[in-house]
Undergrad: 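One structure is given below, represented as C-alpha cells, and several questions about it will come after.
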Amino acid sequence: MPGVYDRPWRAVTIAVIGIAVSVLVTGIASGGPQGAVRTVLVTAGAVLPLFAAVVLAPLAASSQGLSSVLGLRPFRVSDLFFGLCAGLVMRAFVEVIAPTGQMPIEWLTSGVLAALVVAVCVSPLAEELLFRGVLQRALADGMRSAGAALATVVSVAVTTMVFAAVHVLAGSAQPATIVSTVIVGVGCGLLAALTRRTSGAMVAHVVYNITGAVLLVM
C-alpha cells in the first residue's frame, strides 16, 4: 500500500524541529511561580510548535489532504470503541507497574487544576497528531522498501522512544514517567498502525489521561 508522504524524511525533519522547539520552550518556562494563567501560557508555548509541525509537515511533504495524511479520516465508531478499550488497558498496565499516587487536597491549586485540564484536553491531541500522525507515519513511509512489517515495528519503536524522551526532558526521569510514556507510546502506536488512522489513538490517549487524573484526585 502506498504511503501518505511523498517526501517522508522532510516530514520527519519538520516533526523533530517541532518537538525540539516544544521541549526548549518547556525547559525555559519550567521555573517560577505556579498558577492557572502561567500554566495556560506555558502550555500554549509548548503545544504551538507541535501544532505548527502538524500543519507544515503534510503541506511540505505530501500531495494529499491534511486530514487524510494525519489519519483523521474517515472517523469510525470502531475508533471510539478501540480507543476506549486501549486507553483503559494502558491505564491498567501502568497502575500494576507504577500505581498513581493520591494528591493531597491542599495541593489542588488553580495551577494544578489548569495543568490537569490541559493534560486531558490539549496535550493528547497535539501529541497524537504529531507523534503518530506525522512522525510515525513518515518513518513508516520512509522505510517502505524494507517491508511493511519491519517499517511498522521500527516506526512504532522509534516514535515511542522519542515520545518517552520528550516527557523525561520536559518533566522528570522518574521510573513512573518512563514506564507510562513507553506503554502509551507502544499502545497508541500499535493502534494507529493497525487501524491506519490516528483517531483511535487520540481517543485512547485522552481516556488514559482522564483516568489518571481521576485516580490522582480521588
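Numbers here simply count residues along the sequence, with the first being 1. What you see below is based on every heavy atom in this structure, not just the backbone, and it leaves out hydrogens, waters and symmetry mates.
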Undergrad: Can you tell me how far the CZ atom of R137 sits from the OG1 atom of T159, to the nearest 0.5 Å?
TA: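 Answer for the CZ-OG1 pair, R137 versus T159, is 12.0 Å.
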Undergrad: Taking all non-hydrogen atoms of both residues into account, name the closest pair between V134 and V54 and its distance.
TA: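 Reported closest heavy-atom pair: CG2-CA, 4.0 Å.
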Undergrad: Would you please name every residue forming a side chain to side chain contact (heavy atoms under 4.5 Å, CB included) with V21, sequence neighbours left out?
TA: I17, V25, P49
Undergrad: Of the non-hydrogen atoms in T198 and L72, which two are nearest, and what is the gap between them?
TA: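 Scanning both residues completely, I find the closest heavy atoms to be CB-CD2, 4.4 Å.
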Undergrad: Search all heavy atoms of A53 against all heavy atoms of L130 and return the closest pair with its distance.
TA: CB-CD1, 3.8 Å
Undergrad: Same cluster for L80 and L88 if Ile/Leu/Val/Met/Phe/Trp/Tyr side chains link at under 4.5 Å?
TA: yes
Undergrad: Using the rule that Ile, Leu, Val, Met, Phe, Trp and Tyr join whenever any side-chain heavy atoms are under 4.5 Å apart, tell me whether L150 and L194 fall into a single cluster.
TA: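 No.
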Undergrad: Roughly how far, to the nearest 0.5 Å, is CG of L125 from CG of N209?
TA: 10.0 Å
Undergrad: Under the ring-ring contact (aromatic ring centres under 6.0 Å, His included) rule, collect the residues that match up with Y208, sequence neighbours excluded.
TA: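 Testing Y208 for ring-ring contact (aromatic ring centres under 6.0 Å, His included), a comparison that skips the adjacent residues, returns none.
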Undergrad: Test question: given the 4.5 Å side-chain rule for I, L, V, M, F, W and Y, name all other residues clustered with L56, or answer none.
TA: I14
Undergrad: I'd like to check the side chain to side chain donor-acceptor pair (under 3.5 Å) partners of S68; sequence neighbours left out, ordered by chain and number.
TA: R73
Undergrad: Where is the tightest heavy-atom contact between A193 and V156, given as atom of each residue plus distance?
TA: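 Closest heavy-atom pair between A193 and V156: CB-CG2, 4.4 Å.
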Undergrad: What pairs of residues pass the ring-ring contact (aromatic ring centres under 6.0 Å, His included) test when at least one of them lies in residues 53-72, not counting sequence neighbours?
TA: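 For residues 53-72, and leaving out neighbouring residues, there are no ring-ring contact (aromatic ring centres under 6.0 Å, His included) pairs at all.
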Undergrad: Tell me every residue that passes side chain to side chain donor-acceptor pair (under 3.5 Å) with E128, counting only those two or more places apart in sequence or in another chain.
TA: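 Partners of E128 by the side chain to side chain donor-acceptor pair (under 3.5 Å) criterion, ordered by chain and then number, come out as R132, H205.
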Undergrad: Counting distance only, does the side-chain N/O of T181 pair as donor-acceptor with the main-chain N or O of I178 below 3.5 Å?
TA: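 Checking the backbone N and O of I178 against the side chain of T181, a donor-acceptor pair under 3.5 Å is found.
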Undergrad: Between atom CG of L66 and atom CG of L129, what is the distance when rounded to the nearest 0.5 Å?
TA: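 It is 8.5 Å, given to the nearest 0.5 Å.
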Undergrad: Of all the heavy-atom pairs spanning P58 and V55, show the shortest one and how long it is.
TA: CD-O, 3.4 Å
Undergrad: Between F131 and L48, is there shared hydrophobic-cluster membership here, with clusters defined by ILVMFWY side-chain heavy atoms closer than 4.5 Å?
TA: no
Undergrad: Between the side chain of S180 and the main-chain N/O of A176, is any donor-acceptor distance below 3.5 Å?
TA: yes
Undergrad: Atom CG in L84, atom CD1 in I210: separation rounded to 0.5 Å?
TA: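 Reported to 0.5 Å precision, the distance equals 10.0 Å.
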Undergrad: Mind checking side chain to side chain donor-acceptor pair (under 3.5 Å) for T195 and listing every partner two or more places apart, or none if nothing turns up?
TA: none
Undergrad: Applying side chain to side chain contact (heavy atoms under 4.5 Å, CB included), can you list everything that pairs with A151, at least two apart in sequence or on another chain?
TA: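 Here the qualifying residues are M143.
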Undergrad: Return the set of residues passing side chain to side chain contact (heavy atoms under 4.5 Å, CB included) with A61 (not counting sequence neighbours), or none when no residue passes.
TA: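 Partners of A61 by the side chain to side chain contact (heavy atoms under 4.5 Å, CB included) criterion, ordered by chain and then number, come out as Y5, R7, R10, A11.
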Undergrad: Using side chain to side chain contact (heavy atoms under 4.5 Å, CB included) as the criterion, list what pairs up with I183, not counting sequence neighbours.
TA: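 With neighbours one apart ignored, the set is M90, F93, V94, I97, V179.
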Undergrad: Report whether V16 and M161 are members of the same hydrophobic cluster (ILVMFWY, side-chain heavy atoms less than 4.5 Å apart, transitive linking).
TA: yes
Undergrad: With side-chain contact (heavy atoms from CB on, under 4.5 Å) as the criterion, how do L135 and F163 come out once you've worked through the C-alpha distance, each side chain's angles and the decisive distance to 0.1 Å?
TA: CA-CA 10 Å; L135 184 58; F163 181 72; over 6 Å; no
Undergrad: Do you reckon L70 sits in the same ILVMFWY cluster as W9, going by side-chain contacts under 4.5 Å, direct or chained?
TA: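 Yes, same cluster.
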Undergrad: Is D79 salt-bridged to R76, cutoff N-O under 4.0 Å?
TA: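 Result for this pair is no, no salt bridge flagged.
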Undergrad: Using modelled atom types only, decide if a donor and an acceptor are shared between the side chain of T100 and the backbone of L215 within a distance under 3.5 Å.
TA: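 Flag not set: sc T100 to bb L215 has no pair under 3.5 Å.
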Undergrad: State which residues pass side chain to side chain donor-acceptor pair (under 3.5 Å) with S63; sequence neighbours excluded, sorted by chain then number.
TA: D6
Undergrad: How close do G3 and D141 get, heavy atom to heavy atom, and via which atoms?
TA: CA-OD1, 3.2 Å
Undergrad: Other hydrophobic cluster members with F82, side-chain heavy atoms of Ile/Leu/Val/Met/Phe/Trp/Tyr under 4.5 Å, chained?
TA: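 Its cluster mates, by chain and number, are F81, L191.
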Undergrad: With side-chain contact (heavy atoms from CB on, under 4.5 Å) as the criterion, how do H167 and E127 come out once you've worked through the C-alpha distance, each side chain's angles and the decisive distance to 0.1 Å?
TA: CA-CA 11 Å; H167 283 77; E127 290 174 354; 3.2 Å; yes
